[in-house]
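Comments concern the structure below.
The figures here come from the full heavy-atom set of this structure, side chains too, leaving out hydrogens, waters and symmetry mates. Both ligands and their constituent atoms are indexed starting at 1 by order of listing.
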Amino acid sequence: MREIVIGGAQMGPIQRTDTRAQVVDRMLALLDQARGAGCDLVVFPELALTTFFPRWYMEDPAEVEVWFEAEMPNAATQPLFDRAREYGIAISFGYAERTPDGHHFNTSILTDKAGEIVGKYRKVHLPGHSEYDSDRAFQHLEKRYFEPGDLGFPVWRNLDAWMGMCICNDRRWPEVYRVMGLQGAELIMLGYNTPSVNSQASAEGLEKRLYHSDLSMTAGAYQNASWVVGVAKAGDEDGHPLMAGSIIVDPNGFVVARAETEGDELIVHPCDMDLCAFGKSTIFDFARHRRTEHYGRITAQTGVEYPDT
Ligand code: ING
């Protein structure tokens, strides 16, 4: 049995005026709680260090840059890496990355139990828009502030298991799980910042949004016989509600742990990586069952191309 006790460290709202130090203190408190719960790995949300700033329209590049980290670890986050190493807990968290050559990504990192970064992922699927949209009740400007990820969907060996990451909107795209599943992923971790209400003010309820979030992650888990951990940044950020709903999903697609609040909350589950073996050797034995000669459209096309009738 290759058991990894996984903690999903859901975070409540981060206000625009909150400092990195205030946020890291909250992450440290969740890490302390995780140690008490015997966690081996803790997953934090997308953009865990700041408010979800893509909701704000900014034109001045200097105003945008303050949301980004030029290096990782850095002074603000070093205490997190130090304590994770002290506890022997691997961590994953998301942040806004500015590269030395000036590129901007919505990024997440993964460490080993010694606090060393063993993996980095850059969000591929950027929802929303890049210019100010006056029709929206609030903006969603990830396409303005981030470039699409350029690292693909890598999988790493860590804690004696094959694991990968994605971020937020990525979780809605089946290709994301499958590309990692085709690398043997047994655990897929992700953070998200998902508004509770629709920016087009349609009557899309919170219940429907939570259902779609669950549906995306439970399907991805089942169809690739992998654990999936989805961790929210939730609550009211400067008047903009984000939904919670953090979950841990087993390789059969069952939700085995779920957050109950919209605040800082740790959910924990002992995840036996060997539970992936049955699905990977029967229904989803990719080598035995997939017929790739028929899948060409999935990478040949971006949008719909109707058949000639
Ligand atoms: N947020 C949202 C997400 O994919 C969204 C965007 C909200 C899409 C609601 C569809 C419905 O969860 C991010 N940050 O990707």
- Message: With a 6.0 Å cut-off (strictly less than), is the heavy-atom count around CD of Glu260, excluding the residue itself, greater than 12?
- Response: no
- According to the interplanar angle, ranging from 0 to 90°, do the rings of Tyr145 and Phe53 count as parallel (below 30°), tilted (30 to 60°) or perpendicular (above 60°)? tilted
- Query: With a 4.0 Å cut-off on heavy atoms, is Glu46 touching ligand 1?
  - Reply: yes
- Output yes when Glu237 and Arg16 qualify as a salt bridge under the 4.0 Å nitrogen-oxygen rule, no when they do not. no
- Residues, nucleotides or ligands: over 12 heavy atoms within 6.0 Å of Phe254 CZ: no
- Option nearest atom 1 (N) of ligand 1 (shortest heavy-atom distance, choices Val197, Asn193, Leu242, Ile167): Asn193
- Item | Side-chain heavy-atom pair Phe68, His104 within 4.5 angstrom cut-off | yes
- Using a strict cut-off of 4.0 Å, indicate which atoms of ligand 1 neighbour a heavy atom of Glu142. 13 (C), 14 (N), 15 (O)
- Which bit of Arg209 gets closer than 4.0 Å to ligand 1, counting heavy atoms only: side chain, backbone, both or neither? side chain
- Message: Within ligand 1, which atoms have a heavy atom of Phe52 less than 4.0 Å away?
- Response: 14 (N)
- Using a distance-only test with no angle check, is there a side-chain donor-acceptor pair under 3.5 angstrom linking Glu131 and His129? no
- Note on the structure: One finds that the ligand 1 atoms under 4.0 Å from a non-hydrogen atom of Cys168 are 1 (N), 2 (C), 3 (C), 12 (O), 13 (C), 14 (N), 15 (O)
- Query: How does His140 reach ligand 1, by side chain, by backbone, by both or by neither, if only non-hydrogen atoms under 4.0 Å count?
  - Reply: side chain
- Task: Evaluate the side-chain hydrogen bond (donor to acceptor under 3.5 Å, both in side chains) criterion for residues Ser246 and Arg258: first the C-alpha distance (whole Å), next the side-chain angles of each, then the deciding distance (0.1 Å), finally the verdict.
- Result: CA-CA 6 Å; Ser246 305; Arg258 185 189 297 275; over 6 Å; no
- Under 4.0 Å between heavy atoms, the region of Lys233 that gets near ligand 1 turns out to be neither
- Taking the non-hydrogen atoms of Lys123, is any one of them nearer than 4.0 angstrom to ligand 1? yes
- Polar side chain donor-acceptor pair, Asn224 to Arg178, under 3.5 angstrom: yes
- Query: In terms of atom number and element, which parts of ligand 1 are under 4.0 angstrom from non-hydrogen atoms of Asn169?
  - Reply: 3 (C), 4 (O), 8 (C), 15 (O)
- Task: Give the atoms of ligand 1, by number and element, whose distance to some non-hydrogen atom of Arg171 is under 4.0 Å.
- Result: 3 (C), 12 (O)
